[in-house]
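Computed from heavy atoms alone, side chains included, the values below leave out hydrogens, waters and symmetry copies. Order of the sequence lines sets the chain letters (A, B, ...), proteins ahead of strands, with each chain counted from 1.
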Protein chains: 2
Amino acid sequence: MTKKSTLVLVAERAGVSIASVSRVLNGLPASDGVTERVREAATALGYVPSATARSLKVGKTMQIALAVADVGNPVYVAMMHEVSRVVTEAGYRLVLSSTGSDPSDQIDFLAGLNRGFADGLIMSPLRVTDELVAALQETRVPVVIIGSLPAGVEFDNVRADSAKGIGLAVKHLVKAGRERIAFINGPVDTVPGAARLAGYMRAMTKHGMPLVADMQAAASDFTYRAGLDAARELFSQSTPDAVVCANDLLAVAAMKELSTRGIRVPEQVAVIGMDDTDIAELANPSITSVDLGSVKRARAAAKLLIRRLETPDAPVEQVVIKPSLTVRESTPGAPNLTP
Amino acid sequence: MTKKSTLVLVAERAGVSIASVSRVLNGLPASDGVTERVREAATALGYVPSATARSLKVGKTMQIALAVADVGNPVYVAMMHEVSRVVTEAGYRLVLSSTGSDPSDQIDFLAGLNRGFADGLIMSPLRVTDELVAALQETRVPVVIIGSLPAGVEFDNVRADSAKGIGLAVKHLVKAGRERIAFINGPVDTVPGAARLAGYMRAMTKHGMPLVADMQAAASDFTYRAGLDAARELFSQSTPDAVVCANDLLAVAAMKELSTRGIRVPEQVAVIGMDDTDIAELANPSITSVDLGSVKRARAAAKLLIRRLETPDAPVEQVVIKPSLTVRESTPGAPNLTP
DNA sequence: AACGTTCTTGTAAACGATTACAAAGGGAAC
DNA sequence: GTTCCCTTTGTAATCGTTTACAAGAACGTT
């Protein structure tokens, strides 16, 4: 390990003042002689400026915090990855907080944010409580929210149109002639859960299909395990010819349950997932999935935050990402590779 | 957004010196009167100490950096999650760097580390070059490496015994009466790739099975896509009755290719993955996988680093995590749920 | 030669905390 | 009442930068 070395050391060795060193190293004008001596001294001493000291003085940490609810879900991983890419490119570091889905954890985290360890925050809350909103308002640094917010709450915000997304899924199934389209949702008290249920109902109604309770199940969580239970419940009470799932993990679970029951996908039951994550492609058969633009959302959120840091009083911006459908093997009318 | 407030403001309001404020807030002894007035003032002003200023003074950032090579691989996600849990509990924040697998990225990152934005680093390099080792030696903060290191390089280190892990897999297959055990590896020029190949060869020899080139394939990457190519190559040149994969993603790819060829798993070909990640369980049939203790490794690495931060000159420690086998549906002799 | 510009450079004051040190206050012991 | 000791509090230095300001140097203009 090399010794630490400070501006003072460099200044002494170069025989100039620390101000000159700072100027040279920051590219401010200086005479050739001084520039050269400082450069030489700096490299000779292996000088690296202290991030902390700089942060204290200039009031920026060059760090951006990302708070995600559920690291087990591949869609968050994909988002995280993209956020990481964008902020790194802009010269920021990424501080990750995998707060549980528990809102109180998230609130604690927000309180910590006020210590100023990051210049801004990107957050994708699963559940939005009043307390969370209040804590967000109290925050000293800019926040960008990924996901929908209660009406009247104004933050830079980027969200998916999951209702329209489900519309795409249902339309695709209707076109393929499916008539009994079921829905496996996640918890309805979450923001995406509520939105996706609403979307399902709207889409079914639009296509003149009945809304029956037997054709709907809600998993207790957006996880594979919970999805298995929900699928078991659904298929034991009704016989759909297609099932839309609020999530790719739930879709994998549905396919597993169908396989256990000896029901063939997509011939007997078509399956559609949401988020279009890696596992939709990994699954066998691969899963047709609604792409809610998670990567685009992540990218937009990161850019929004960086813009806000650069121009603090730009008007609040709300971005909506359009969904699209990635057709794979789990629905008919697709490249079906099964022999 | 609340206004920022500093020690000075609190001190003024409480009618005491900033030293007293600091002491009260840090729980150092103070008279009841002062304590109370400071408390009152602090909450009234919504005072939150500045992380940056504190860091500068005490020389600790309370941040730990984690550099992972490949965020696309679920095993790294699992590790990241566990590291996050441990460091958060110990009061540290996690700074994430998803440096590509490119060593030069990682070296840049190490150079940045010397600015002192984190108190320590956990790194799991896929490839260990001389330059990387050199850069690691130059680092001003403690580093813990997850994965094997060249002989003679001394860092706190935690690694899996993947040779023994492959041994478990082969043994399991031999017991089940399989005689033609193939191997799909990742790139051999990576640390895990090399170790796993060595383990396969050792295990095969130990069980008196021939090592034939036809029964081995190396994917260009530890990814699903690369795995598909490798599996295609393997199964077009030989007819194993079992295949060990260096990775769960590669195992999923192998199963996909087998399914495309109409070969039944596990009846005709048994499949074993490694890392025992979520997708081993999600796959259908679920995949028997060698648990290389990724979560344990992550936990051990985090604890090792925290210990090092607390006792800087403790002796270097090298932890090896024992592998185990999680038997699922992709191998016989397992709870086989297929009807 | 005196003056005004412009360019370089150094001095010193921040940023917001922690903490060594000293001073003051309050008992207890004699 | 004096001495000694312990507790409480304030003063001021410090961490390593950036940067406002001022001083000095260099140079052209008249």
Side-chain angles (χ1 to χ4, degrees), chain A residues 2-39 41-42 45-63 91 112-119 140-141, chain B residues 2-39 41-42 45-63 91 112-119 140-141:
Chain A
T2 332
K3 293 256 156 109
K4 65 152 197 283
S5 70
T6 72
L7 267 192
V8 185
L9 269 337
V10 178
E12 274 170 12
R13 185 182 227 267
V16 299
S17 75
I18 60 168
S20 292
V21 177
S22 175
R23 278 187 287 253
V24 168
L25 267 25
N26 290 315
L28 296 174
S31 72
D32 293 353
V34 170
T35 304
E36 195 196 345
R37 294 215 305 288
V38 168
R39 288 259 153 76
L45 297 172
Y47 171 74
V48 183
S50 150
T52 317
R54 177 161 219 287
S55 290
L56 178 59
K57 191 67 196 30
V58 306
K60 288 160 174 282
T61 60
M62 297 312 276
Q63 298 193 147
L113 238 202
N114 285 339
R115 306 182 97 95
F117 64 80
D119 297 338
R140 282 166 172 73
V141 301
Chain B
T2 331
K3 292 255 157 108
K4 64 149 198 282
S5 70
T6 73
L7 266 193
V8 185
L9 269 337
V10 178
E12 274 169 10
R13 185 181 228 265
V16 299
S17 74
I18 60 169
S20 292
V21 177
S22 175
R23 278 187 286 254
V24 168
L25 266 27
N26 288 315
L28 296 174
S31 72
D32 294 355
V34 170
T35 303
E36 196 196 345
R37 295 214 307 286
V38 168
R39 288 259 153 74
L45 295 172
Y47 171 74
V48 184
S50 152
T52 317
R54 178 162 219 289
S55 292
L56 179 59
K57 191 68 196 32
V58 306
K60 287 159 173 284
T61 60
M62 296 313 278
Q63 297 193 148
L113 238 203
N114 285 339
R115 306 182 98 93
F117 64 81
D119 296 339
R140 282 168 173 69
V141 301

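- Listed by first and then second residue, the salt bridge (charged side-chain N to carboxylate O under 4.0 Å, His left out) pairs involving residues 6-18 of chain B are B:Arg13-B:Glu40 (not counting sequence neighbours).
- Every side chain to side chain contact (heavy atoms under 4.5 Å, CB included) that A:Ser55 has, sequence neighbours left out, goes to A:Thr61, B:Thr52.
- Once rounded to the nearest 0.5 Å, the distance linking CZ of A:Arg54 with CG of B:Leu56 reads 13.5 Å.
- For B:Ser17, the side chain to side chain contact (heavy atoms under 4.5 Å, CB included) partners at least two apart in sequence or on another chain are B:Ala19, B:Ser20.
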Checklist outcome for this item: Whether each nucleotide of nucleotides 8-17 of chain C has a protein heavy atom under 4.0 Å at its base (B), only at its sugar-phosphate (S) or at neither (-) is summarised, 5' to 3', as SBBB--BBBB

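- Among residues two or more places apart in sequence or in another chain, the side chain to side chain contact (heavy atoms under 4.5 Å, CB included) test is passed with A:Leu7 by A:Ile18, A:Val21, A:Ser22, A:Tyr47.
- Atom CG in A:Leu28 sits about 13 Å away from atom C1' in C:dC7, given to the nearest Å.
- When the local axes at the two ends of the helix from C:dA1-D:dT30 to C:dC30-D:dG1 are compared, using 5 base pairs at each end, they differ in direction by 60° after rounding to 10°.
- Residues satisfying the side chain to side chain contact (heavy atoms under 4.5 Å, CB included) criterion with B:Ala14, sequence neighbours excluded, are B:Val16, B:Arg37, B:Val38, B:Ala41.
- With contacts defined as side-chain heavy-atom distances shorter than 4.5 Å, the pair B:Pro49/A:Arg115 qualifies.
- Counting to the nearest Å, the C1' atom of D:dG16 and the CG atom of A:Leu25 are 13 Å from each other.
- Between A:Phe117 atom CZ and B:Met62 atom CE the span is 12.5 Å, to the nearest 0.5 Å.
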